[in-house]
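Numbers restart at 1 for each chain; the letters A, B, ... are given by sequence-line order, proteins then strands.
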Protein chains: 2
Amino acid sequence: MTKFSTREKIVKAADQLFYENGFDHTSFADVANGVGISRGNFYHHFKSKNDILGAVIEHRKQNTEKMIDGWEMDANSPKDRIKCYINILVKNQTLIKEFGCPVGTLTNEMAKLKHASAKDATAIFSLFKSWLTKQFAESGCQENADKLAMHVLSWSQGTATMYNAFKDDDFLRNELMQIEDWLDKQIKEN
Amino acid sequence: MTKFSTREKIVKAADQLFYENGFDHTSFADVANGVGISRGNFYHHFKSKNDILGAVIEHRKQNTEKMIDGWEMDANSPKDRIKCYINILVKNQTLIKEFGCPVGTLTNEMAKLKHASAKDATAIFSLFKSWLTKQFAESGCQENADKLAMHVLSWSQGTATMYNAFKDDDFLRNELMQIEDWLDKQIKEN
DNA sequence: GTCTATACGCCGATAGAC
DNA sequence: GTCTATCGGCGTATAGAC
């Protein structure tokens with residue numbers, strides 16, 4: 001039974017609410033309700049709503065790094081590691097169906113709000129991008145590893161968006177198959 | 001010089017603001033400002049904000065149908081018509097870079113708001129989907145025209161999302177080239 | 001058909017008691 | 001560190017004059 005500080009509890013509750021209801025649409029009352037504290041108590045831990053957003057993005061970055069570290073441990077070849085990334089679509093299938101990709105949707109909301117944290121949201125994408133680029137480079141695609149990484153990122157985003165819109169399980173299954181086939185063509189070994 | 005009714009002016013101003021700033025984040029004051037009328041005057045034309053959203057979605061549907069009709073006129077082969085669809089990414093490049101795809105981002109916002117109009121927003125995607133399916137069917141891909149149509153839709157969505165996030169012109173150019181190559185592989189004739 | 005005035009609630013944020 | 005009380009502003013929506 002791990003104990004979490006109030007600050008940590010706020011960040012976790014806000015993280016979930018920002019994802020499921022949107023940042024702008026989430027009020028302090030919503031977060032307070034989720035944590036079980038009063039509204040006024042927030043300002044002891046954060047000085048503004050934007051400050052909470054900053055902490056949420058930082059929290060997501062750290063979780064992303066942890067997830068990537070886990071893939072490095074579990075999978076032995078670059079190709080298998082890239083498949084771990086693709087597999088997020090399966091692991092988070094239910095949430096993506098309902099709310100879309102947490103990174104893509106936050107990034108776009110930040111863009112529409114002209115929010116100062118837009119670049120921080122994009123930085124989460126960059127973590128995936130750099131890591132995917134490294135995987136492609138290590139599997140013999142040095143010359144265009146960057147493009148391949150962006151393509152995988154883009155492909156998964158499109159799949160998440162359309163799955164969220166149509167909620168069609170057959171579509172998701174078919175795209176996942178096609179990504180695997182494509183990956184096998186790009187990386188011959190293993 | 002066409003004359004527009006106040007109702008039409010409201011719908012057009014709201015359409016743009018919903019796209020650029022988000023539906024939830026757009027206030028009546030914003031729309032009133034854009035049109036040049038007072039806030040109270042709204043309720044003579046629409047009974048609620050959701051009513052305006054309904055009219056905006058209907059307006060977008062009609063514009064989509066007009067756009068598709070234009071493609072039918074301009075392009076002679078199914079392949080060329082599909083290329084017209086892809087070319088939206090070029091024609092609306094500046095807007096997509098700043099705000100993302102209007103259909104994909106509205107659909108996702110509706111999902112997060114658990115909004116009753118979510119299905120109406122998805123219906124705009126369906127217009128493209130049905131039409132793309134017809135194009136693939138007409139070019140000899142009857143057996144999996146549906147899957148190919150969804151793949152094109154998904155691909156363009158992913159490209160729009162990542163272009164909005166990273167604002168990388170090279171990425172956009174590269175994906176466009178790849179889509180064309182892929183299309184040439186799917187449809188041999190013409 | 002357009003306006004002003006206004007109701008009423010929720011928003012983020014502050015002050016200060018305990 | 002947590003609470004209650006409260007502020008000023010903005011949100012949608014309504015009523016009613018012109």
Side-chain angles (χ1 to χ4, degrees), chain A residues 1-59 106 109-110 112-118 120-121, chain B residues 2-57 59 106 109-110 112-118 120-121:
Chain A
M1 215 42 148
T2 320
K3 277 193 68 180
F4 295 108
S5 69
T6 301
R7 199 196 135 94
E8 286 170 324
K9 282 193 265 184
I10 291 173
V11 171
K12 286 188 182 187
D15 188 3
Q16 186 180 349
L17 286 164
F18 290 175
Y19 175 37
E20 299 186 357
N21 303 341
F23 165 72
D24 199 53
H25 194 67
T26 300
S27 71
F28 278 33
D30 294 333
V31 183
N33 229 342
V35 180
I37 60 166
S38 77
R39 258 164 304 154
N41 194 5
F42 273 98
Y43 294 87
H44 181 73
H45 302 280
F46 301 93
K47 75 173 202 289
S48 72
K49 192 181 177 183
N50 287 343
D51 250 45
I52 300 183
L53 175 63
V56 165
I57 293 177
E58 190 53 41
H59 183 244
L106 178 66
E109 188 180 4
M110 295 291 106
K112 300 215 183 209
L113 299 181
K114 291 95 190 151
H115 198 288
S117 294
D120 299 318
Chain B
T2 320
K3 278 192 67 179
F4 295 108
S5 68
T6 301
R7 198 197 136 96
E8 286 170 326
K9 283 193 265 183
I10 291 173
V11 171
K12 285 187 182 189
D15 188 4
Q16 187 180 349
L17 287 163
F18 289 175
Y19 175 37
E20 298 185 357
N21 302 341
F23 165 73
D24 198 53
H25 194 66
T26 300
S27 71
F28 278 35
D30 294 332
V31 184
N33 229 343
V35 180
I37 60 166
S38 75
R39 259 166 304 154
N41 195 3
F42 273 100
Y43 295 87
H44 179 73
H45 303 279
F46 301 94
K47 73 173 206 287
S48 72
K49 192 182 177 183
N50 286 344
D51 249 44
I52 300 182
L53 175 63
V56 166
I57 293 178
H59 183 245
L106 178 66
E109 188 180 4
M110 294 292 105
K112 299 212 184 211
L113 299 182
K114 290 96 191 150
H115 198 288
S117 294
D120 299 317

Start and end of chain A contact along DNA chain C [non-hydrogen atoms, under 4.0 Å]: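 Range of nucleotides touched by chain A: C:dC11 to C:dT14.
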side-chain contact (heavy atoms from CB on, under 4.5 Å) partners for [X], two or more places apart:
| X | result |
| --- | --- |
| B:Ala29 | B:Ser27, B:Arg39 |
| B:His44 | B:Asn41 |
| A:Ala118 | A:Met110 |

Interatomic spacing from CG in B:Leu17 to NZ in A:Lys112 - rounded to 0.5 Å: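 Separation between the atoms: 11.0 Å.
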Pairing residues for [X] by the salt bridge (charged side-chain N to carboxylate O under 4.0 Å, His left out) criterion, not counting sequence neighbours:
| X | answer |
| --- | --- |
| B:Asp51 | B:Lys47 |
| A:Asp24 | none |
| B:Asp120 | none |

Relative orientation of the end axes in the helix from C:dG1-D:dC18 to C:dC18-D:dG1, expressed as an angle to the nearest 10° (five pairs per end):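 Here the helix ends are tilted 0° relative to one another.
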For B:Ser38, side-chain hydrogen bond (donor to acceptor under 3.5 Å, both in side chains) partners two or more places apart: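 None.
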Results of side-chain hydrogen bond (donor to acceptor under 3.5 Å, both in side chains) for A:Asn33 - residues two or more places apart only: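 By the side-chain hydrogen bond (donor to acceptor under 3.5 Å, both in side chains) rule, A:Asn33 matches no residue at all.
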Any residue of residues 15-43 of chain B with a heavy atom less than 4.0 Å from an atom of DNA chain D: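 Result for residues 15-43 of chain B: B:Thr26, B:Ser27, B:Phe28, B:Gly40, B:Tyr43, sorted by number.
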Listed partners of A:His25 passing ring pair (Phe, Tyr, Trp, His ring centres under 6.0 Å), at least two apart: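 Not a single residue meets the ring pair (Phe, Tyr, Trp, His ring centres under 6.0 Å) criterion with A:His25.
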